[in-house]
Protein chains: 2
Amino acid sequence: MDGLSIGQVAERTGLSVHALRFYEREGLLADAVRRESNGRRVYTEDDVDWLNMCIKFRSSGMPLDTIRKYTELVRQGAGNEADRLALLKSHQDHVRAQIEELNECLNVITWKVDIYQQHVDAGTADGLWVTPSTQTASEAS
Amino acid sequence: MDGLSIGQVAERTGLSVHALRFYEREGLLADAVRRESNGRRVYTEDDVDWLNMCIKFRSSGMPLDTIRKYTELVRQGAGNEADRLALLKSHQDHVRAQIEELNECLNVITWKVDIYQQHVDAGTADGLWVTPSTQTASEAS
DNA sequence: GCTTGACCTAGAGAGCGGTCTAGCTCCTAG
DNA sequence: CTAGGAGCTAGACCGCTCTCTAGGTCAAGC
């Protein structure tokens, strides 16, 4: 058995069958999906690999539009590797920036968690925690 | 001068005035914003601090709904610190998971970037790169 | 007095990324 | 023969997060 049904691909990729059809309509598949005589989609392992790449792109915040552009470059075939590289590098920068930003957020959140943790550990009856009307910025947030 | 106009707060936080009003309507502000006699909003430095927190929450993927819940806990005043802590910890986990996922994506992307970089560095005339119809998964993606 | 610009409210609209429905065809098992 | 389940298409709808518009107020400067 050489081809996969849409249901099988959904199972393997974690995408819903809806999403798979949606991605296809949106032009995110490198090769046109073959069809059986009855019109049903037949996916190859390469399609699954490609989809898994797309999922990585998506989950790192690449918009569908950019994935589509990349897909088109690949579809055009050899000769535009520099363009593909530029697109990938740009996304790479983007992902690095996201990680950086998340780390900053994590620091702030961790700082707050620690404050609350200390407070909760110390018990709530010590009166250290003021009422809203007299809260300072750091206590209020 | 003790109060800030909405425009000044927009400038300091990077949020648009639209977004500031929107956040207020959505109940994301810990304290009700004071108004001048003419109805204009007057923000305090604490409001700005709070908003900067919200921005950290948002940019790390906390939905407005969750920020609202946190805000409500803070508004209720002392006594629910354990709840706030739980919320913050849950988000902390979420952020860590996001960072992890992004790092995985970054690995994949970096792997592809390296492949393309080598190819582009080697020049495009060497025929190593096949046409779409014969691409394998790793070459195609 | 008039203009300009910042501000106000309520509510519509927009972009993204799906998700779901309606109404249909097919195939297979009982 | 029939029921169930998977698939098909086109297109409506959704949740989220803004963003903008319409229609107005208000204060300061020329």
Side-chain angles (χ1 to χ4, degrees), chain A residues 1-29 32-44 47-48 51-71 91 94 98 101 105, chain B residues 1 3-29 32-44 47-48 51-71 91 94 98 101-102 105:
Chain A
M1 129 185 173
D2 202 30
L4 300 162
S5 73
I6 195 167
Q8 288 172 312
V9 173
E11 216 169 303
R12 291 201 193 192
T13 59
L15 295 168
S16 68
V17 294
H18 295 298
L20 284 169
R21 291 193 279 245
F22 172 71
Y23 277 20
E24 184 178 340
R25 268 210 306 282
E26 294 295 308
L28 304 191
L29 272 71
V33 177
R34 284 178 307 146
R35 303 296 182 114
E36 287 182 38
S37 55
N38 57 20
R40 296 186 177 198
R41 290 169 179 83
V42 182
Y43 293 82
T44 64
D47 290 328
V48 174
L51 282 165
N52 280 327
M53 268 290 308
C54 289
I55 289 167
K56 288 285 182 225
F57 285 160
R58 271 298 303 130
S59 60
S60 52
M62 187 187 282
L64 295 190
D65 201 56
T66 306
I67 302 181
R68 179 165 33 238
K69 281 188 187 99
Y70 182 71
T71 305
H91 185 57
H94 186 185
Q98 278 184 83
E101 174 157 29
C105 293
Chain B
M1 131 186 172
L4 300 161
S5 73
I6 195 168
Q8 289 172 312
V9 174
E11 215 169 303
R12 293 202 191 192
T13 60
L15 294 167
S16 68
V17 294
H18 294 299
L20 284 168
R21 291 193 278 245
F22 172 73
Y23 277 21
E24 184 178 341
R25 268 211 306 282
E26 293 295 308
L28 304 190
L29 271 72
V33 177
R34 283 178 306 146
R35 303 295 182 113
E36 285 182 39
S37 55
N38 57 20
R40 296 183 177 200
R41 291 170 179 82
V42 183
Y43 293 82
T44 64
D47 291 329
V48 174
L51 282 165
N52 281 327
M53 269 290 306
C54 290
I55 290 166
K56 288 285 182 226
F57 285 160
R58 269 299 303 129
S59 60
S60 52
M62 187 186 284
L64 295 190
D65 200 55
T66 306
I67 302 181
R68 180 164 33 236
K69 281 188 186 99
Y70 181 72
T71 306
H91 185 57
H94 186 185
Q98 279 184 82
E101 175 156 30
L102 282 179
C105 294

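Computation of the quantities below employed the complete heavy-atom set of this structure, encompassing side-chain atoms and omitting hydrogens, waters and symmetry-equivalent molecules. In what follows, chains carry the letters A, B, and so on, assigned in the order in which the sequence lines appear, proteins first and then strands, with residues in each chain numbered from 1.
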Next on the checklist: Set out, in order, the CA-CA distance, both residues' side-chain angles and the distance that settles side-chain contact (heavy atoms from CB on, under 4.5 Å) for B/Arg12 and B/Asn52, then state yes or no.
Outcome noted: CA-CA 9 Å; B/Arg12 293 202 191 192; B/Asn52 281 327; over 6 Å; no
Item to check | Given C/dC27, C/dC8, D/dC20, the nucleotide with the shortest approach to the side chain of B/Arg35 | outcome: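 The closest nucleotide is C/dC8.
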Do any N or O atoms of the protein come closer than 3.5 Å to N or O atoms of nucleotides 15-18 of chain D, and which pairs are they?
from   : atom 1 : to      : atom 2 : distance (Å)
D/dT17 : OP1    : B/Arg58 : NH1    : 3.1
D/dT17 : OP2    : B/Leu64 : N      : 3.1
D/dC18 : OP2    : B/Tyr23 : OH     : 2.9
D/dC18 : OP2    : B/Arg58 : NE     : 3.1

Checklist entry - Shortest non-hydrogen contact from A/Arg21 to A/Ile6? => result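 In terms of heavy atoms, the two residues are closest at CG-CD1, 3.5 Å.
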Checklist entry - Do you know which two heavy atoms are closest between A/Leu20 and A/Leu51, and how far apart they sit? => result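 Nearest heavy atoms, A/Leu20 then A/Leu51: CD2-CD1, 3.5 Å.
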Next on the checklist: A/Arg35 vs A/Arg41, test: side-chain contact (heavy atoms from CB on, under 4.5 Å). Steps then yes/no.
Outcome noted: CA-CA 4 Å; A/Arg35 303 296 182 114; A/Arg41 290 169 179 83; 3.4 Å; yes
[X] [atom1] - [N] [atom2] separation (whole Å):
{"X": "A/Arg68", "N": "C/dG18", "atom1": "CZ", "atom2": "P", "answer": "12 Å"}
{"X": "B/Tyr43", "N": "C/dA6", "atom1": "OH", "atom2": "C1'", "answer": "13 Å"}
{"X": "A/Leu20", "N": "D/dC8", "atom1": "CG", "atom2": "C1'", "answer": "14 Å"}
{"X": "B/Asn38", "N": "C/dC7", "atom1": "CG", "atom2": "P", "answer": "11 Å"}
{"X": "A/Glu24", "N": "D/dG11", "atom1": "CD", "atom2": "C1'", "answer": "17 Å"}
{"X": "B/His18", "N": "C/dA10", "atom1": "NE2", "atom2": "P", "answer": "16 Å"}

Next on the checklist: My understanding is that only residues two or more places apart in sequence, or in another chain, count here; which of them pass side chain to side chain donor-acceptor pair (under 3.5 Å) with B/Arg68?
Outcome noted: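 Scan of B/Arg68 (side chain to side chain donor-acceptor pair (under 3.5 Å), adjacent residues dropped) gives B/Glu26, B/Asp65.
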Checklist entry - Sequence neighbours excluded, which residues qualify as side chain to side chain donor-acceptor pair (under 3.5 Å) partners of B/Ser60? => result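 For B/Ser60, the residues satisfying side chain to side chain donor-acceptor pair (under 3.5 Å) (neighbours in sequence not counted) are B/His91.
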Item to check | Results of salt bridge (charged side-chain N to carboxylate O under 4.0 Å, His left out) for B/Arg25 - residues two or more places apart only | outcome: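 B/Arg25 satisfies salt bridge (charged side-chain N to carboxylate O under 4.0 Å, His left out) with no residue once adjacent residues are dropped.
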Next on the checklist: If the condition is salt bridge (charged side-chain N to carboxylate O under 4.0 Å, His left out), which residues does A/Arg58 pass it with, not counting sequence neighbours?
Outcome noted: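 In terms of salt bridge (charged side-chain N to carboxylate O under 4.0 Å, His left out), with neighbours along the sequence ignored, A/Arg58 is linked to no residue.
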Mind listing the N/O atom pairs, protein and nucleotides 3-7 of chain D, below 3.5 Å?
from  : atom 1 : to      : atom 2 : distance (Å)
D/dA6 : N3     : A/Arg40 : NH2    : 3.1
D/dG7 : OP1    : A/Ser5  : OG     : 3.2
D/dG7 : OP1    : A/Gly7  : N      : 2.7

